[in-house]
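Here is the structure we will look at, set down as structure tokens.
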Amino acid sequence: QAQLVESGGGSVQAGGSLRLSCLYTTGRWYMAWFRQTPGEGREGVAAFTGRGVTVYADSVKGRFTISRDDTANTLYLQMNNLKPEDTAMYYCAAGDPEHYMGYLKSSTYRNWGQGTQVTVSS
């Protein structure tokens, strides 16, 4: 079972940038970033499909970039032009095809990190 550890969260002003990192013990077919605010479900932000193609939520297209370095066992999320509505706890997730329900659906993923907080002020 993959273990995932996120880092890189923090507080920034609107328009700023952050890069999140997720160190994993074992890579999985699907790797993704989700976010969650209090009282809400987890929202898929960006994901790698099994063929290396990336998918993004409409709300972050053009601003966020997901990447992975399997030699370093690390998944990244570069976040540019941050907005106050991006404020959330961000989670790294890993999954396999047998649980596939959609690349940005939380039910696809069985392994989760502990999360890292991102706060964007206006």
Side-chain angles (χ1 to χ4, degrees):
Q1 184 169 349
Q3 293 186 350
L4 310 169
V5 179
E6 303 96 334
S7 61
S11 297
V12 296
Q13 291 191 324
S17 298
L18 283 173
R19 187 175 81 157
L20 306 183
S21 298
C22 171
L23 182 64
Y24 51 85
T25 55
T26 305
R28 285 290 187 264
W29 200 248
Y30 307 138
M31 300 288 293
W33 288 97
F34 283 75
R35 65 187 181 187
Q36 187 173 24
T37 55
E40 300 291 329
R42 289 186 181 180
E43 175 194 14
V45 174
F48 269 103
T49 73
R51 294 176 176 82
V53 176
T54 53
V55 295
Y56 295 92
D58 288 343
S59 58
V60 306
K61 280 180 182 176
R63 300 189 299 122
F64 290 13
T65 303
I66 187 172
S67 62
R68 65 190 287 180
D69 181 354
D70 287 332
T71 64
N73 281 15
T74 305
L75 183 74
Y76 300 101
L77 185 68
Q78 178 67 44
M79 306 186 294
N80 297 327
N81 191 22
L82 283 160
K83 304 177 181 180
E85 51 264 43
D86 295 319
T87 295
M89 184 72 79
Y90 283 71
Y91 297 91
C92 175
D96 293 301
E98 61 262 34
H99 303 122
Y100 177 77
M101 296 292 285
Y103 296 118
L104 297 180
K105 296 291 187 183
S106 59
S107 54
T108 295
Y109 301 89
R110 290 294 187 267
N111 301 122
W112 296 85
Q114 83 290 347
T116 185
Q117 178 68 38
V118 171
T119 303
V120 185
S121 58
S122 57

Worksheet item: Is there a donor-acceptor pair closer than 3.5 Å between any side-chain N or O of Y56 and the backbone N or O of I66?
Response: yes

Worksheet item: Do any N or O atoms from the side chain of T116 and from the backbone of Y90 form a donor-acceptor pair under 3.5 angstrom?
Response: no

Fill in: T119 side chain vs T87 backbone, donor-acceptor pair below 3.5 Å
no

Discussion item. Whether the side chain of N80 engages the backbone of S17 through a donor-acceptor N/O pair (distance < 3.5 Å, no angle test) should be reported.
Written reply: no

Fill in: More than 12 heavy atoms of other groups within 6.0 Å of W29 CH2
no

Fill in: Inter-residue atom distance C22.SG - R68.CZ, 0.5 Å rounding
10.0 Å

Worksheet entry | Spacing of L82 atom CG and F64 atom CZ [to the nearest 0.5 Å] | 5.0 Å

Practice prompt. For the pair F34 and Y109, name the ring-plane relationship: parallel under 30°, tilted 30 to 60°, perpendicular over 60°.
Written response: perpendicular

Fill in: L75-Y103 co-clustered via ILVMFWY side chain contacts under 4.5 Å
no

Response to the item:
side-chain hydrogen bond (donor to acceptor under 3.5 Å, both in side chains) filter on T71, not counting sequence neighbours, yields D69

Response to the item:
Here the gap from R19 atom CZ to S67 atom OG, rounded to the nearest 0.5 Å, amounts to 7.0 Å

Item to complete: List the atom of S59, the atom of E43, and the distance in Å for their closest heavy-atom pair.
Response: OG-OE2, 3.6 Å

Worksheet item: Are any side-chain N or O atoms of Q78 and backbone N or O atoms of T65, one a donor and one an acceptor, separated by less than 3.5 Å?
Response: no

Worksheet item: Atom CD in E85, atom OG1 in T37: separation rounded to 0.5 Å?
Response: 11.5 Å

Fill in: Under 3.5 Å donor-acceptor, T25 side chain and Q3 backbone
yes

Worksheet item: Of all heavy-atom pairs between D86 and R35, which one has the smallest distance, and what is that distance?
Response: OD1-NH1, 2.9 Å

Worksheet entry | Closest contact, heavy atoms only, N81 versus R63 | O-NH1, 2.9 Å

Worksheet item: Just wondering, are more than 12 heavy atoms of other shown residues or ligands nearer than 6.0 Å to CD in E98?
Response: yes

Discussion item. Would you say W112 ends up clustered with L23 if hydrophobic residues are merged whenever their side chains have heavy atoms under 4.5 Å apart, either directly or through other cluster members?
Written reply: no

Worksheet entry | Heavy-atom closest pair, residues S122 and A14 | CA-CB, 4.3 Å

Practice prompt. Go through W33 and E6 one step at a time and tell me if the side-chain contact (heavy atoms from CB on, under 4.5 Å) criterion holds.
Written response: CA-CA 10 Å; W33 288 97; E6 303 96 334; 3.8 Å; yes

Practice prompt. Determine the minimum heavy-atom distance between Q114 and L4, stating which atoms define it.
Written response: OE1-O, 3.8 Å

Worksheet item: Do the side chains of Y76 and Y24 join up, straight or via other hydrophobic residues, at under 4.5 Å, putting them in one cluster?
Response: no

Discussion item. Let me check something: do V60 and V12 share a hydrophobic cluster, defined by ILVMFWY side-chain heavy atoms less than 4.5 Å apart, either directly or through other members?
Written reply: yes

Worksheet item: Transitively linked via ILVMFWY side-chain contacts under 4.5 Å: L104 with L77?
Response: no

Discussion item. For the backbone of A88 and the side chain of Q36, can you confirm whether one donor and one acceptor N or O come within less than 3.5 Å of each other?
Written reply: no

Item to complete: Find the distance between CE (M79) and CG (L20) and round it off to the nearest 0.5 Å.
Response: 4.0 Å

Worksheet entry | Shortest non-hydrogen contact between T74 and S21, atoms and distance | CG2-CB, 4.2 Å

